[in-house]
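Take a look at the structure below.
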Amino acid sequence: MKAVIFDLDDTLYDQIQPFKKALDRHLQVDDELVGPLYLAFRHHADQVFEAAATGKMSLKDSHIYRMKAALADFGFQVSDALALTIQIDYDYFQGQLELSPMFPAIFSHCKERGLALGIITNGPHRHQLRKIRTLGLLDWFDQALILISGQLGVAKPNPQIFKVMEQRLGFSSDEICYVGDSFENDVIGAKACGWQAIWFNHRLRSAPETSVSPDKIVDKWEDLREAIFQMD
């Protein structure tokens, strides 16, 4: 292995924290519901991601849809205005993100071994770049090896975005490992290009019915470091 490439959202930081803070401002949601509600939010976000990315749906409408649909799944009926307000607060709290604490040691160890580090993330360019800066990731990652779908015009799991990274690295596909929390976007996308893949399934989601398999599955934050180093 010569390179480790990471997903951003809910991989390098815990995305539930800003989500919970936004909900708490406006609704009374039991703590045990926040995790499942967040997974529903991610599911509905994936449903409309392509439409928003291609302009078939406005970003504002996609934000309203995913928040309303997720809340409705758990019996919360909210107006478009409230759904958008919660989304705006979610964006605000995402500007106060903190890198998950085990990653500095992971990044340091990778660099000590001469491994290249990169990020592939889906989302609007400015929005994702703000998160990357807030998390201090530019201290660890060469900006040329940070690929944001909104800038490139192609998103995971499309193999093309992985191929762009492969070309920038100059490594063969079997020398690259990808780490991400989404089976559909991260595992399927990486394996389609012949990369190794670690499914960071810390939300304990069920795998879809597919012939694709990750090389490793990690379901605890504290186990991720060892799993990455075992791929070396």
Side-chain angles (χ1 to χ4, degrees), residues 6-100 119-137 146-158 161 180-186 200 202-205:
F6 295 89
D7 170 52
L8 175 62
D9 295 315
D10 218 32
T11 295
L12 295 181
Y13 71 94
D14 183 354
Q15 202 170 27
I16 275 188
Q17 296 309 310
F19 184 75
K20 183 179 186 305
K21 289 178 181 178
L23 289 176
D24 286 347
R25 275 193 168 183
H26 304 281
L27 299 170
Q28 290 187 337
V29 179
D30 292 341
D31 287 347
E32 62 268 22
L33 285 183
V34 174
L37 203 159
Y38 171 74
L39 292 182
F41 173 78
R42 286 286 297 269
H43 170 72
H44 291 299
D46 287 343
Q47 286 182 322
V48 295
F49 178 81
E50 185 175 355
T54 58
K56 294 179 180 178
M57 184 182 216
S58 72
L59 192 61
K60 175 182 174 181
D61 286 346
S62 72
H63 286 171
I64 291 170
Y65 169 80
R66 67 188 190 179
M67 189 64 71
K68 282 190 71 173
L71 289 168
D73 287 347
F74 291 85
F76 296 92
Q77 303 299 325
V78 301
S79 66
D80 287 5
L82 180 53
L84 185 59
T85 298
I86 297 171
Q87 174 66 48
I88 290 169
D89 285 342
Y90 178 45
D91 289 345
Y92 169 75
F93 287 120
Q94 283 184 319
Q96 303 174 2
L97 301 177
E98 294 182 0
L99 185 67
S100 293
I119 293 171
I120 302 177
T121 178
N122 283 352
H125 179 235
R126 291 179 62 185
H127 183 59
Q128 297 302 91
L129 188 58
R130 184 186 67 166
K131 296 180 199 174
I132 287 164
R133 287 173 172 156
T134 299
L135 292 165
L137 293 171
I146 297 175
L147 304 185
I148 301 173
S149 68
Q151 183 180 36
L152 293 178
V154 61
K156 300 179 295 182
N158 190 321
I161 197 167
D181 71 299
S182 169
F183 194 103
E184 292 82 354
N185 288 338
D186 300 327
F200 187 26
H202 59 98
R203 301 293 177 206
L204 304 179
R205 285 178 276 197

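Just so it is clear, the model here is predicted, and its values are computed rather than measured.
- In terms of heavy atoms, A83 sits closest to M67 at O-CG, 3.7 Å.
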Practice item. Assess whether side-chain contact (heavy atoms from CB on, under 4.5 Å) is satisfied between K68 and V78, documenting all intermediate values. Key: CA-CA 6 Å; K68 282 190 71 173; V78 301; 4.0 Å; yes
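- Side-chain atoms of E98 never come within 3.5 Å of backbone atoms of Y13 as a donor-acceptor pair (strictly under, hydrogens ignored).
- Put simply, the residue from N122, L12, I119, D181 that forms a side chain to side chain contact (heavy atoms under 4.5 Å, CB included) with D7 is D181.
- Taking every heavy atom of both residues into account, R42 and S182 meet most closely at NH2-CB, 4.4 Å.
- Open room surrounds OH on Y92; 12 or fewer heavy atoms of other groups in view lie less than 6.0 Å from it.
- For the pair Q15 and R203, the tightest heavy-atom approach, listed with the atom from each and the gap, is N-NH2, 4.0 Å.
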Exercise for review: Mind running side-chain contact (heavy atoms from CB on, under 4.5 Å) on Q128 and I146 for me, showing each step along the way?
Suggested key: CA-CA 10 Å; Q128 297 302 91; I146 297 175; over 6 Å; no
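- Judged purely by distance below 3.5 Å, without hydrogens or angles, the side chains of D91 and H63 never pair a donor atom with an acceptor atom.
- Taking each heavy atom of G123 and S149 in turn, the nearest pair found is N-OG, 2.8 Å.
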Point to revise | Stepwise side-chain contact (heavy atoms from CB on, under 4.5 Å) check, R126 with R130 | key: CA-CA 6 Å; R126 291 179 62 185; R130 184 186 67 166; over 6 Å; no
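- The closest donor-acceptor contact from the side chain of R66 to the backbone of F49 lies at 3.5 Å or more, if one exists at all.
- No donor-acceptor pair closer than 3.5 Å links the side chain of T134 to the backbone N or O of Q96.
- Side chain of K156 to main chain of I120: a donor-acceptor pair is present (N/O by atom type, distance under 3.5 Å, no hydrogens or angles).
- Closest approach of A22 to I86, counting heavy atoms only: CB-O, 3.6 Å.
- Crowding of Q47 atom CD: a count of heavy atoms from other residues, nucleotides or ligands under 6.0 Å exceeding 12.
- In this structure a side-chain-to-backbone donor-acceptor pair under 3.5 Å is missing from H43 to A70.
- Each of I132, L97, I148 was evaluated against L8; a single residue qualifies, I132, per the side chain to side chain contact (heavy atoms under 4.5 Å, CB included) test.
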Exercise for review: Just do the side-chain contact (heavy atoms from CB on, under 4.5 Å) check on L82 and H26 with the steps written out, would you?
Suggested key: CA-CA 8 Å; L82 180 53; H26 304 281; 4.0 Å; yes
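- Using modelled atom types, no side-chain atom of T11 and backbone atom of G180 make a donor-acceptor pair closer than 3.5 Å.
- In terms of heavy-atom proximity, L71 sits nearest to L27 at CD2-CD1, 3.8 Å.
- A perpendicular orientation is assigned to the rings of F19 and Y90, their planes being inclined by more than 60° (bins at 30° and 60°).
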